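Notes follow the structure.
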Amino acid sequence: MDLKGRMRLKYKGSLNDAPSGTMPWFDHPERRSRTTPIVFGHWSAAGLVRRSNVTGIDTGCVWGGQLTALYPEKYIFDVAG
């Protein structure tokens with residue numbers, strides 16, 4: 001996502017290699033849901049994301065990574081594939 005809130009859907013890489021001027025949707029400074037705890041998946045390139053208000057649990061099991069589950073909201077379990 002860029003600073004104007006436009007999604008950059010063609011980029012499929014990691015958070016560290018994102019193009020200049022872009023950021024993950026959950027880091028956008030004007031995100032309306034930033035005070036709401038969110039758990040998300042379907043972004044294996046991001047890996048495990050742990051923030052105070054955001055948890056990303058897609059750790060790439062289908063690509064040979066780990067299967068990650070969250071229960072109950074604070075505990076993370078990883079199982080090698």
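Computed over heavy atoms, backbone and side chain alike; hydrogens, waters and symmetry mates excluded. What you see is a predicted model, and the numbers here were worked out from it, not measured in a lab. All residue numbers in this chain count up from 1 along the given sequence.
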In one Ile/Leu/Val/Met/Phe/Trp/Tyr side-chain cluster, 4.5 Å: Met7, Leu15: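 Yes, Met7 connects to Leu15 through the hydrophobic network.
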Co-membership, hydrophobic cluster, residues Leu48 and Val54, 4.5 Å side-chain: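 Looking at the clustering, Val54 is in a separate group from Leu48.
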Trace of the side-chain contact (heavy atoms from CB on, under 4.5 Å) decision for Ser44 with Val62: CA-CA 9 Å; Ser44 62; Val62 72; over 6 Å; no
Spatial distance of atom [atom1] ([X]) from atom [atom2] ([Y]) [nearest 0.5 Å]:
X     : Y     : atom1 : atom2 : value
Asp2  : Thr22 : CG    : OG1   : 8.0 Å
Phe26 : Thr55 : CZ    : OG1   : 10.0 Å
Trp25 : Trp43 : CH2   : CH2   : 8.0 Å

Is the backbone N or O of [Y] less than 3.5 Å from a side-chain atom of [X], with the two atoms forming a donor-acceptor pair by type?
X     : Y     : value
Asn53 : Pro37 : no
Lys4  : Met1  : no
Ser14 : Ala46 : no
Arg31 : His28 : no
Asp58 : His42 : yes

Partners meeting ring pair (Phe, Tyr, Trp, His ring centres under 6.0 Å) with Tyr11 (sequence neighbours left out):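 Here no residue qualifies.
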Please report the shortest heavy-atom distance between [X] and [Y], naming the atom on each side.
X     : Y     : answer
Gly13 : Ala45 : O-CB, 3.2 Å
Val39 : Ile57 : CG1-CD1, 4.2 Å
Arg34 : Pro29 : NH1-O, 3.4 Å

